[in-house]
Amino acid sequence: MKATGIVRRIDELGRVVIPKEIRRTLRIKEGDPLEIFTDRDELMLKKYSPIATLERFSKATARSLNDLSGKLAVICDTDGVLHAFGDGKKDLDGKSLSEDMDKILKERRSYIANAAEGGDILPLTSSREEGVTAQVIVPIVSGGDCLGAVAVLSKEDGAKMDGGDMNLARLTADILANQFE
């Protein structure tokens, strides 16, 4: 653990304010759930990711999506890529989400784009992966909360995503969302 040098007092209701700089750095927004851990005399807060709690299931789901679609399959929570399978997975694994993805998750809307038809390919991660020519992004929504997204990407020249790819991504997102109901 790294000391920040910041000291805060607990108020009469047991609340502590997390400094704005730390919230911004850790991408903690108003309403985000935090998980509390203790170890003897230490207290640790960690941003809670429901999708990450399904580690094995979400990983297997991403692998199945890749097998069925033949394309790069990605499962992410609201902060970053949790699992990627297919050509180009190393460019995505563990990376933070882009501002464009934050917007899609916030709006809870699906997105499809084909560069061959003049579509605007949005970067999934802040490191702006290269060579994506077609994409489908579907938010994972459970109980009104956006938990993350499922994405199917292609790097093939002239690739086109269609309704079948969208339906496959939607089915995957629904399966993941149903794990929380």
Side-chain angles (χ1 to χ4, degrees), residues 26-29 32 47-181:
L26 298 177
R27 298 174 53 122
I28 297 172
K29 299 176 225 60
D32 283 351
K47 194 166 178 184
Y48 178 70
S49 169
I51 299 294
T53 63
L54 299 175
E55 173 72 24
R56 289 174 52 207
F57 183 76
S58 60
K59 187 173 186 177
T61 304
R63 181 178 285 127
S64 294
L65 181 57
N66 169 250
D67 290 344
L68 290 170
S69 69
K71 299 174 175 84
L72 177 58
V74 180
I75 300 207
C76 57
D77 63 10
T78 56
D79 288 323
V81 173
L82 298 175
H83 308 291
F85 282 93
D87 183 36
K89 78 178 226 121
K90 290 181 178 139
D91 297 336
L92 298 170
D93 266 340
K95 300 275 174 66
S96 296
L97 296 185
S98 68
E99 288 181 19
D100 292 316
M101 277 296 289
D102 286 342
K103 186 176 178 182
I104 285 175
L105 297 179
K106 189 175 289 183
E107 294 174 359
R108 292 167 174 72
R109 65 179 172 95
S110 297
Y111 186 83
I112 187 167
N114 297 303
E117 297 173 344
D120 189 19
I121 302 296
L122 301 179
L124 255 56
T125 65
S126 51
S127 61
R128 306 185 77 80
E129 57 282 344
E130 298 294 322
V132 175
T133 58
Q135 68 186 168
V136 169
I137 304 166
V138 178
I140 302 166
V141 179
S142 178
D145 294 327
C146 186
L147 308 176
V150 172
V152 179
L153 311 173
S154 179
K155 292 186 173 190
E156 292 180 21
D157 288 335
K160 292 184 182 176
M161 296 289 177
D162 58 21
D165 295 305
M166 178 65 82
N167 288 338
L168 193 54
R170 278 196 179 128
L171 175 64
T172 304
D174 287 346
I175 289 169
L176 288 166
N178 287 333
Q179 299 304 305
F180 300 99
E181 293 182 4

### Query
Do any N or O atoms from the side chain of Glu156 and from the backbone of Thr133 form a donor-acceptor pair under 3.5 angstrom?
no
Tell me which donor-acceptor pairs under 3.5 Å the side chains of residues 80-89 have, and how far apart each pair is, sequence neighbours excluded?
unit_1: His83; atom_1: NE2; unit_2: Ser58; atom_2: OG; d: 3.0
unit_1: Lys89; atom_1: NZ; unit_2: Asp93; atom_2: OD2; d: 3.4

### Task
Take atom NZ of Lys59 as the centre, draw a 6.0 Å sphere, and report whether it contains more than 12 heavy atoms from other residues, nucleotides or ligands.
no
#### Entry: Closest approach of Ala169 to Val138 (non-hydrogen atoms, all atoms of both residues)
CB-CG2, 3.6 Å
### Message
Whether the side chain of Asn114 engages the backbone of Met161 through a donor-acceptor N/O pair (distance < 3.5 Å, no angle test) should be reported.
### Response
yes
### Message
Checking the side chain of Arg108 only, and the main-chain atoms of Gly144 only, is there a donor and an acceptor separated by less than 3.5 Å?
### Response
yes
### Query
So do the side chains of Gln135 and Asp120 get within less than 4.5 Å of each other, counting heavy atoms only?
no
### Query
How far does CG of Asn167 sit from OG of Ser110, to the nearest 0.5 angstrom?
10.0 Å
### Shortest non-hydrogen contact between Ala116 and Ala159, atoms and distance
CB-O, 4.3 Å
### Message
Does any part of the side chain of Asp77, heavy atoms only, come nearer than 4.5 Å to the side chain of Ile140, both counted from C-beta?
### Response
no
### Any pair counted as side-chain hydrogen bond (donor to acceptor under 3.5 Å, both in side chains), so long as it reaches residues 97-106, sequence neighbours left out
Arg27-Asp102
### Query
Of the non-hydrogen atoms in Ala149 and Ile137, which two are nearest, and what is the gap between them?
CB-CG2, 4.2 Å
### Task
Starting from the C-alpha separation in whole Å, work towards a yes-or-no answer on side-chain contact (heavy atoms from CB on, under 4.5 Å) for Ile104 and Arg109.
CA-CA 6 Å; Ile104 285 175; Arg109 65 179 172 95; 4.0 Å; yes
### Task
Would you mind reporting whether Leu72 and Ser154 have side-chain heavy atoms less than 4.5 Å apart?
no
### Task
Enter the distance from Asp32:CG to Tyr48:OH here, rounded to the nearest 0.5 Å.
13.0 Å
In a table with atom names and distances, give each donor-acceptor pair under 3.5 Å that connects a side chain of residues 171-179 to protein atoms at least two apart or in another chain.
unit_1: Thr172; atom_1: OG1; unit_2: Leu168; atom_2: O; d: 2.9
unit_1: Asn178; atom_1: ND2; unit_2: Asp174; atom_2: O; d: 3.1
unit_1: Gln179; atom_1: NE2; unit_2: Ile175; atom_2: O; d: 3.4

### Query
Hey, is the main chain of Gly164 close enough, under 3.5 Å, to the side chain of Asp162 for a donor-acceptor pair?
yes
### Query
Is any side-chain heavy atom of Leu153 closer than 4.5 Å to a side-chain heavy atom of Lys71?
no
### Task
Indicate the atoms forming the closest heavy-atom contact of Ala134 with Val132, along with that distance.
O-CG1, 3.5 Å
### Message
Is the shortest side-chain heavy-atom distance between Leu65 and Ile75 below 4.5 Å?
### Response
no
### Message
Would you say that Thr78 contacts Leu147 through its side chain, given a criterion of any heavy-atom pair below 4.5 Å between the two side chains?
### Response
no
### Query
If you round to the nearest 0.5 Å, how far is CG of Leu124 from CD1 of Ile121?
10.5 Å
#### Entry: Steps toward salt bridge (Lys or Arg N to Asp or Glu O under 4.0 Å) verdict (Asp79, Lys95)
CA-CA 9 Å; Asp79 288 323; Lys95 300 275 174 66; over 6 Å; no
#### Entry: Rounded distance (nearest 0.5 Å) linking atom CG of Leu97 with atom CG of Leu105
6.5 Å
